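A quick note: this is a predicted structure, and the numbers were derived from the prediction, not measured.
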Amino acid sequence: MKHSTTNQRPRRGRGPARQIGRTLALVLPVVLVLSGTLAVTQVNWSGNPSSSVLTASSEEVSTRAVSRAPQDVLRDKLLLELQEKNPGVALTHLQQAVNGRPSLAKHCASIARSLGRAAVRAYGPTRAQSFARPVCDTAFASGVAASHL
């Protein structure tokens with residue numbers, strides 16, 4: 001069986017559309033990278049709006065919320081709880097927080113000492129000591145003792 005060459009499609013040459021496509025495929029990534037690099041260099045990374053190139057609405061932006069570490073949020077919550085309820089409730093919730101989120105364990109002692117100092121201010125040294133329990137290796141009691149001295 002002999003194949004006929006008359007049914008084959010003629011080979012296309014390099015037309016202008018194909019050349020434009022190839023040129024764009026080579027040039028476009030370079031243009032995008034350069035424009036992105038230039039945009040990043042124009043951003044004021046120092047935080048000083050007076051020297052910023054991009055000042056659109058920078059004056060109108062409200063004060064940003066400062067992100068706080070989880071241990072600081074927990075400490076504030078427990079100190080408030082100590083004032084509203086009692087140190088025993090705050091210590092119980094500290095232990096539950098540490099059990100539920102083990103990454104807080106390294107901050108447990110400092111939080112418990114803060115609770116001990118606050119308990120002395122709120123209840124006096126003798127009554128504050130009565131709330132002591134073995135949360136975070138007696139750090140609460142050491143906070144009470146340090147505040148009393």
Side-chain angles (χ1 to χ4, degrees), residues 9 11-149:
R9 283 190 265 161
R11 185 159 190 226
R12 292 184 180 173
R14 293 183 184 244
R18 187 173 177 143
Q19 278 186 313
I20 291 172
R22 282 189 173 185
T23 303
L24 280 175
L26 292 173
V27 173
L28 192 59
V30 174
V31 170
L32 290 173
V33 167
L34 287 176
S35 65
T37 303
L38 290 174
V40 168
T41 60
Q42 295 298 313
V43 172
N44 177 14
W45 297 103
S46 70
N48 185 3
S50 63
S51 64
S52 177
V53 175
L54 302 174
T55 57
S57 79
S58 67
E59 306 298 325
E60 302 166 11
V61 175
S62 64
T63 306
R64 289 183 180 171
V66 178
S67 64
R68 299 182 55 215
Q71 66 271 12
D72 295 334
V73 172
L74 177 62
R75 177 181 287 115
D76 292 346
K77 177 184 164 195
L78 294 173
L79 287 170
L80 182 64
E81 197 170 61
L82 181 138
Q83 292 172 354
E84 291 176 352
K85 296 177 183 170
N86 67 53
V89 173
L91 286 170
T92 298
H93 289 155
L94 173 60
Q95 187 66 54
Q96 290 171 347
V98 170
N99 290 343
R101 200 165 171 190
S103 63
L104 291 171
K106 62 185 171 187
H107 305 286
C108 185
S110 68
I111 294 171
R113 277 191 295 278
S114 297
L115 292 173
R117 289 189 295 269
V120 169
R121 287 191 298 273
Y123 296 95
T126 305
R127 181 124 192 264
Q129 189 63 39
S130 71
F131 291 103
R133 57 180 72 167
V135 175
C136 308
D137 295 329
T138 68
F140 177 83
S142 69
V144 169
S147 193
H148 179 50
L149 297 176

Mind checking the CD1-CG spacing from I111 to D76? Nearest 0.5 Å is all I need.
9.5 Å
Considering all heavy atoms, the nearest S110-R75 contact:
OG-NH2, 3.0 Å
Return the CG to NE2 distance between L115 and H93, rounded to the nearest 0.5 Å.
12.0 Å
List, one per line, each side-chain donor-acceptor pair under 3.5 Å for residues 125-136, sequence neighbours excluded.
residue: S130; atom: OG; partner: R127; partner atom: O; Å: 2.5
residue: R133; atom: NH1; partner: G88; partner atom: O; Å: 3.2
residue: R133; atom: NH1; partner: T92; partner atom: OG1; Å: 2.6

Mind checking the CD-CG spacing from Q96 to N99? Nearest 0.5 Å is all I need.
8.0 Å
Set out, in order, the CA-CA distance, both residues' side-chain angles and the distance that settles side chain to side chain contact (heavy atoms under 4.5 Å, CB included) for L94 and V98, then state yes or no.
CA-CA 6 Å; L94 173 60; V98 170; 4.1 Å; yes
Quick one: CD on Q71 to OG on S103, what's the gap to the nearest 0.5 Å?
8.5 Å
Here the pair of heavy atoms bringing A90 nearest to L78 is O-CD2, 3.4 Å
Rounded to the nearest 0.5 Å, what separation is found between the CG atom of D72 and the NZ atom of K77?
14.5 Å
Which value, rounded to the nearest 0.5 Å, describes the distance between T138 atom OG1 and R113 atom CZ?
9.5 Å
Which pair of non-hydrogen atoms, one from L82 and one from Y123, has the smallest distance, and what is that distance?
O-OH, 3.6 Å
Please list, chain by chain and in numerical order, all residues satisfying side chain to side chain donor-acceptor pair (under 3.5 Å) with S142, sequence neighbours excluded.
none
Looking at G116 and V144, what are the two nearest heavy atoms and their distance?
O-CG2, 3.6 Å
